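Predicted model, so just to flag it, every value in this text is computed and none were measured.
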Amino acid sequence: MPDSPFLIEAAARGFIHQATDEAALDAALRAGPAKSRSDLREVAGYIGFDCTADSLHVGNLVQIMLLRLLQRHGHRPVVLMGGGTTRIGDPSGKDEARQMLSDAQIAANMAGIRGCISPFVRFGDGPADAVMLNNAEWLDGLSYIGLLRDVGPHFTVNRMLTFDSVRLRLEREQPLTFLEFNYMILQSFDFRELHRRHGVVLQMGGSDQWGNIVSGVELVRRTEGRQVFGLTTPLITTSSGAKMGKTARGAVWLAAGRLSPYDYWQFWRNTEDGDVGRFLRLFTDVPLDEIARLEALPGAGINEAKKVLATEATALLHGREAAEAAAETARRAFEEGVAADTLPTHWVAGADLAAGIMAIRLFADSGLALSLGEARRLIRGGGARVNDAALKDEAAVVTEADLRDGAVKLSAGKKQHRLVRVVK
């Protein structure tokens, strides 16, 4: 059993899947947090994020929460942005190569990702303040021959072919470009550069990164003669086996511009019963003893635990005020049956509503259905409502006559709602 506060809590909350030499890592963490950036007692740990989109999503949240936990215990989180490696693309868990992005796209995505992470960790100049770095700083200037001579002798193709990121692609008979094959070498190079430049001794990531992380640990040992560490988190799936962070409407984005605080709150409120305790431990700061109490609530009490999960998770990302507003909006919408002003809004032109808009079009365009066909199936299944009245006709049209206090309330099931308003 570990003795360091970080590993103790990380294990208790379910963050740890694998670790390299956990006893030595535990000893390094027990040395205590640093008083200054030059104090080697500090443990600096990093996680890398490639800049493939302008927002992270809930599938990235375990890694972000692990950085948060590291900081809460007085150590230094390092967020490594893949400004260089994004040009290649990590083949881990992928069946095909990623789309090549321009430098401008990568820069814009990097700015968006920082906005997703900053609510969870504190950036600054203090000893335990997070720092954000860009691996383009050292990768862009690499000499190819120099890299081959410096790093190449420490990698064997035999070993690289055994890594899941390569082996699974080959087993599926999906093409793996030479460009992608180099990714693990560059990720290992990143670890060595972070160790040399910033004293980083710990790389963390998802379980699919284990091979890449171990390669970096070995590269530092062989070229620097120093011990560094790797730690991975488990793959997070729901009790029903679904991939975490995926819904019928797509990814659950962290950027408010992509997903409103209300919809984010609703995602957590819709957690399966069997996942509530586990998700409270992973995705909130709620104390462990309180989580134990919540997950032991009998019968319908599990719904109260889900509301705590939704509010606490939303508060971390969007702030306490937005989280409580989302909870109140949900309470009014579900318990009182009223169209609360803070429900997500879908705007339409006044002339269009005056002429009449097909209900299936509104359900699809507002995001309550993925397509017109899905909207029709929603109606046939009795899950579509307009102003809380069940919609039975697939050819129904919504008009100005349906406005109530300036809006038309659309509902898909009991928990997904939109207000249709006229652009002024």
Side-chain angles (χ1 to χ4, degrees), residues 37-38 40 44-54 56 63 67 76-92 94 97-114 117 123 125 129-157 159-160 163 165-166 176-205 209 211-226 228-230:
R37 279 280 168 94
S38 61
L40 296 180
Y46 93 94
I47 295 177
F49 299 90
D50 274 347
C51 311
T52 54
D54 62 1
L56 298 177
Q63 311 307 324
L67 289 172
R76 179 161 56 109
V78 175
V79 178
L80 181 64
M81 303 303 295
T85 44
T86 299
R87 297 174 181 172
I88 294 177
D90 183 0
S92 300
K94 303 294 184 296
R98 282 185 169 137
Q99 178 185 359
M100 291 290 187
L101 300 178
S102 68
D103 289 349
Q105 288 174 306
I106 291 173
N109 290 347
M110 196 179 304
I113 290 171
R114 182 182 177 112
I117 296 176
F123 288 93
D125 296 322
D129 285 345
V131 59
M132 180 172 283
L133 304 170
N134 181 357
N135 64 11
E137 178 183 343
W138 50 84
L139 294 183
D140 282 2
L142 277 179
S143 157
Y144 184 60
I145 297 299
L147 178 67
L148 290 179
R149 288 178 59 86
D150 179 23
V151 177
H154 303 289
F155 289 82
T156 67
V157 172
R159 178 81 185 281
M160 294 169 75
F163 292 156
S165 59
V166 174
L176 177 73
T177 68
F178 181 70
L179 188 68
E180 294 172 287
F181 192 61
N182 278 271
Y183 189 93
M184 66 185 75
I185 295 176
L186 295 183
Q187 184 170 327
S188 300
F189 189 84
D190 282 346
F191 198 175
R192 192 180 73 173
E193 287 301 299
L194 288 170
H195 180 69
R196 285 178 172 178
R197 298 170 183 234
H198 302 279
V200 174
V201 297
L202 172 64
Q203 181 182 175
M204 301 177 289
Q209 295 295 312
N212 293 345
I213 290 174
V214 169
S215 294
V217 169
E218 293 179 353
L219 179 63
V220 174
R221 177 180 61 80
R222 290 171 180 171
T223 62
E224 309 301 296
R226 295 176 181 174
V228 292
F229 308 98

Do you know the tightest heavy-atom contact between [X] and [Y]?
{"X": "Leu67", "Y": "Val78", "result": "CD2-O, 4.2 Å"}
{"X": "Val151", "Y": "Phe155", "result": "CG1-CE1, 3.2 Å"}
{"X": "Val228", "Y": "His195", "result": "CG1-ND1, 3.7 Å"}
{"X": "Gln63", "Y": "Ile47", "result": "O-CD1, 3.3 Å"}
{"X": "Asn134", "Y": "Gly84", "result": "OD1-N, 4.0 Å"}
{"X": "Ala136", "Y": "Gly83", "result": "CB-C, 3.9 Å"}

Would you indicate whether the side-chain heavy atoms of [Y] and [X] approach each other to under 4.5 Å?
{"X": "Leu194", "Y": "Trp138", "value": "yes"}
{"X": "Asp150", "Y": "Phe189", "value": "yes"}
{"X": "Leu139", "Y": "Asp190", "value": "yes"}

Short side-chain to backbone donor-acceptor contact, Asp54 and Asn109, under 3.5 Å |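 Absent.
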
For the side chain of Asp129 and the backbone of Phe123, is there at least one donor-acceptor N/O pair under 3.5 Å apart?
->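 Absent.
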
Taking everything shown except Arg196 itself, do over 12 heavy atoms lie less than 6.0 Å from its CZ?
->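 Result for CZ/Arg196: enclosed.
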
Interatomic distance, [X] atom [atom1] to [Y] atom [atom2] [nearest 0.5 angstrom]:
{"X": "Ile106", "Y": "Ile113", "atom1": "CD1", "atom2": "CD1", "result": "10.5 Å"}
{"X": "Thr223", "Y": "His154", "atom1": "OG1", "atom2": "NE2", "result": "6.0 Å"}
{"X": "Thr86", "Y": "Asp50", "atom1": "OG1", "atom2": "CG", "result": "4.0 Å"}
{"X": "Leu80", "Y": "Asn135", "atom1": "CG", "atom2": "CG", "result": "5.0 Å"}
{"X": "Ile117", "Y": "Met81", "atom1": "CD1", "atom2": "CE", "result": "6.0 Å"}
{"X": "Leu142", "Y": "Glu193", "atom1": "CG", "atom2": "CD", "result": "7.5 Å"}

For Phe191, enumerate each residue passing the ring-ring contact (aromatic ring centres under 6.0 Å, His included) test, keeping only those at least two apart in sequence or located in another chain.
->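 So Phe191 forms a ring-ring contact (aromatic ring centres under 6.0 Å, His included) with Tyr46.
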
Do Gln209 and Gln187 have side-chain N/O donor and acceptor atoms under 3.5 Å apart?
->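 Gln209 vs Gln187: donor-acceptor pair found between side chains.
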
For Val131 and His198, what are the C-alpha separation, side-chain angles and deciding distance, and is it a side-chain contact (heavy atoms from CB on, under 4.5 Å)?
-> CA-CA 10 Å; Val131 59; His198 302 279; 5.8 Å; no

Under 4.0 Å between a Lys/Arg side-chain N and an Asp/Glu carboxylate O for Arg221 and Glu218?
->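 Salt bridge absent between Arg221 and Glu218.
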
